[in-house]
Amino acid sequence: MRKEEKTQITKDKLIANTEKLIEQCEDPYKVTSRQIAAASGVQPAMINYCFGSRENLIHEVFERKYKSTLSDPIVNEIVSSNSITPKEKLKRLHFIVARFLINDFKYTKAITKFVLFNRDLSRDSFSSKYVIEHYKGTKTNEECKLIAYELSTMMQLIIFRCQDLKNGMNINLEDENVLKHYIDLRVDLLLEDVD
């Protein structure tokens with residue numbers, strides 16, 4: 001077996017066992033590199049060799065779950081619709097993503113800080129396209145990308161603190177009507193109407 005094949009097998013084991021350990025625990029911060037490595041039958045150094053860090057590995061597990069959410073037929077229906085405005089697409093897509101982040105909160109808790117501080121800003125977010133379409137050339141692409149970044153970043157922060165919002169402000173984002181209202185409010189605040 002070639003080295004690349006062995007490495008891929010190790011990566012797959014690490015991803016699968018990281019997901020299992022996160023699902024089984026109360027606090028994803030307590031899932032250690034040693035636990036992941038032991039469950040995968042490898043040395044802890046393999047995590048850094050394969051992914052660069054424990055955080056990168058956990059982010060990879062999250063990304064796979066996130067991409068699975070975005071492959072839902074409802075997402076494709078929204079994206080391919082010609083009758084939904086770009087602003088409305090943003091609202092609907094952000095609602096789906098927000099609901100995913102709330103329903104899989106262990107992953108949200110495990111990766112939010114990492115994503116906020118390590119996101120590759122040279123890559124467009126899924127929101128950028130719709131913000132650019134919404135403004136129809138009245139704002140630069142850079143301005144649109146910054147608006148999209150602010151929209152997704154604020155959403156991640158608020159969802160990360162959803163329990164605090166529930167306890168301190170009586171805002172229950174687990175209630176889908178409240179979540180939809182919040183998403184609509186955020187998009188409306190950041191995307192002014194254009195003629």
Student: Honestly curious: do L70 and F95 fall in one hydrophobic cluster under the side-chain, below-4.5 Å linking rule?
Tutor: yes

Student: Test of understanding: with side-chain contact (heavy atoms from CB on, under 4.5 Å), list the residues that count as partners of E88, not counting sequence neighbours.
Tutor: I84, T85, K91, R92

Student: Suppose we screen for salt bridge (charged side-chain N to carboxylate O under 4.0 Å, His left out). Which residues come up paired with E133, at least two apart in sequence or across chains?
Tutor: none

Student: Would you sort out whether I158 and I171 count as a side-chain contact (heavy atoms from CB on, under 4.5 Å), showing the intermediate values?
Tutor: CA-CA 11 Å; I158 288 175; I171 298 172; over 6 Å; no

Student: By the side chain to side chain donor-acceptor pair (under 3.5 Å) test, which pairs, at least two apart or in different chains, include something from residues 140-151?
Tutor: D124-K145, T140-E143

Student: List the atom of E23, the atom of K106, and the distance in Å for their closest heavy-atom pair.
Tutor: O-NZ, 2.9 Å

Student: Any idea which heavy atoms bring V131 and A148 closest together, and the distance?
Tutor: CG2-CB, 4.0 Å

Student: Does K20, at its NZ atom, have more than 12 non-hydrogen atoms belonging to other residues, nucleotides or ligands within less than 6.0 Å?
Tutor: no

Student: Please check: side-chain N/O of T138 versus main-chain N/O of Y135, any donor-acceptor pairing under 3.5 Å?
Tutor: yes

Student: Dump the intermediate steps for side-chain hydrogen bond (donor to acceptor under 3.5 Å, both in side chains) on E63 and Y107, then the final yes or no.
Tutor: CA-CA 10 Å; E63 279 290 316; Y107 290 98; over 6 Å; no

Student: Given the rule that I, L, V, M, F, W and Y join up when any side-chain heavy atoms are under 4.5 Å apart, are Y182 and M169 in one cluster?
Tutor: yes

Student: Tell me, please, which residues at least two apart from C162 pass side-chain contact (heavy atoms from CB on, under 4.5 Å).
Tutor: F105, L173

Student: Please list, chain by chain and in numerical order, all residues satisfying side-chain hydrogen bond (donor to acceptor under 3.5 Å, both in side chains) with S80, sequence neighbours excluded.
Tutor: none

Student: Do you know which two heavy atoms are closest between A98 and L179, and how far apart they sit?
Tutor: CB-CD1, 3.8 Å

Student: Is there a path of hydrophobic side-chain contacts, each under 4.5 Å between heavy atoms of I, L, V, M, F, W or Y residues, that connects M155 with L146?
Tutor: no

Student: Tell me whether the count of non-hydrogen atoms from other residues, nucleotides or ligands lying under 6.0 Å of NZ in K180 goes above 12.
Tutor: no

Student: Please check if the side chain of N56 supplies one atom and the backbone of G52 the other of a donor-acceptor pair under 3.5 Å.
Tutor: no

Student: Indicate yes or no: at least one non-hydrogen side-chain atom of K30 is less than 4.5 angstrom from one of C25.
Tutor: no

Student: Hey, any chance L189 and L157 share a hydrophobic cluster, counting ILVMFWY side chains that come within less than 4.5 Å of each other, even indirectly?
Tutor: no

Student: Tell me every residue that passes side-chain contact (heavy atoms from CB on, under 4.5 Å) with K13, counting only those two or more places apart in sequence or in another chain.
Tutor: I9, N17, S40

Student: Do the side chain of T10 and the main chain of K6 share a donor and acceptor less than 3.5 angstrom apart?
Tutor: yes

Student: State whether the number of non-hydrogen atoms from other residues, nucleotides or ligands found under 6.0 Å of E26 atom CD is greater than 12.
Tutor: no

Student: Given the rule that I, L, V, M, F, W and Y join up when any side-chain heavy atoms are under 4.5 Å apart, are I132 and V79 in one cluster?
Tutor: no

Student: Of all residues at least two apart in sequence or in a different chain, which pass the salt bridge (charged side-chain N to carboxylate O under 4.0 Å, His left out) check with E4?
Tutor: R2

Student: Under a 3.5 Å distance rule, please check whether Q24 uses its side chain to pair with a backbone N or O of L21 as donor and acceptor.
Tutor: no

Student: With a 6.0 Å cut-off (strictly less than), is the heavy-atom count around CZ of R161, excluding the residue itself, greater than 12?
Tutor: no

Student: Could you please spell out the steps behind the side-chain hydrogen bond (donor to acceptor under 3.5 Å, both in side chains) verdict for S128 and S125?
Tutor: CA-CA 5 Å; S128 297; S125 69; 3.2 Å; yes

Student: Please list, chain by chain and in numerical order, all residues satisfying side-chain hydrogen bond (donor to acceptor under 3.5 Å, both in side chains) with E60, sequence neighbours excluded.
Tutor: R64

Student: Kindly write out the residues that satisfy salt bridge (charged side-chain N to carboxylate O under 4.0 Å, His left out) with R54, not counting sequence neighbours, or none if the list is empty.
Tutor: none

Student: Applying salt bridge (charged side-chain N to carboxylate O under 4.0 Å, His left out), name anything that partners D120, two or more places apart in sequence or on another chain.
Tutor: none

Student: I want to check something: taking the side chain as every heavy atom from C-beta on, are F51 and M46 in contact at a cut-off of under 4.5 Å?
Tutor: no

Student: Within a 6.0 Å radius of atom CG on D27, are there more than 12 heavy atoms belonging to other residues, nucleotides or ligands?
Tutor: yes

Student: Establish, yes or no, whether a centroid distance under 6.0 Å links the rings of Y130 and H94.
Tutor: no

Student: Do R119 and Q156 meet the criterion of a side-chain donor-acceptor pair at a distance under 3.5 Å?
Tutor: yes

Student: Counting heavy atoms not belonging to I74, are there more than 12 under 6.0 Å from its CD1?
Tutor: no

Student: Test of understanding: with side-chain hydrogen bond (donor to acceptor under 3.5 Å, both in side chains), list the residues that count as partners of D104, not counting sequence neighbours.
Tutor: none

Student: Is any side-chain heavy atom of I147 less than 4.5 Å from a side-chain heavy atom of L191?
Tutor: yes

Student: Could you go through the ring pair (Phe, Tyr, Trp, His ring centres under 6.0 Å) check for F62 and F114 one step at a time?
Tutor: CA-CA 11 Å; F62 169 79; F114 177 78; over 10 Å; no

Student: Please check: side-chain N/O of K109 versus main-chain N/O of F160, any donor-acceptor pairing under 3.5 Å?
Tutor: no

Student: Taking K87 for the side chain and D188 for the main chain, is one N or O donor matched with an acceptor at less than 3.5 Å?
Tutor: no

Student: Decide if atom NZ of K113 counts as having more than 12 heavy atoms of other residues, nucleotides or ligands within a radius under 6.0 Å.
Tutor: no

Student: My understanding is that only residues two or more places apart in sequence, or in another chain, count here; which of them pass side-chain contact (heavy atoms from CB on, under 4.5 Å) with A110?
Tutor: P28, I58

Student: Hey, does the side chain of K129 reach the backbone of P86 with a donor-acceptor pair shorter than 3.5 angstrom?
Tutor: no

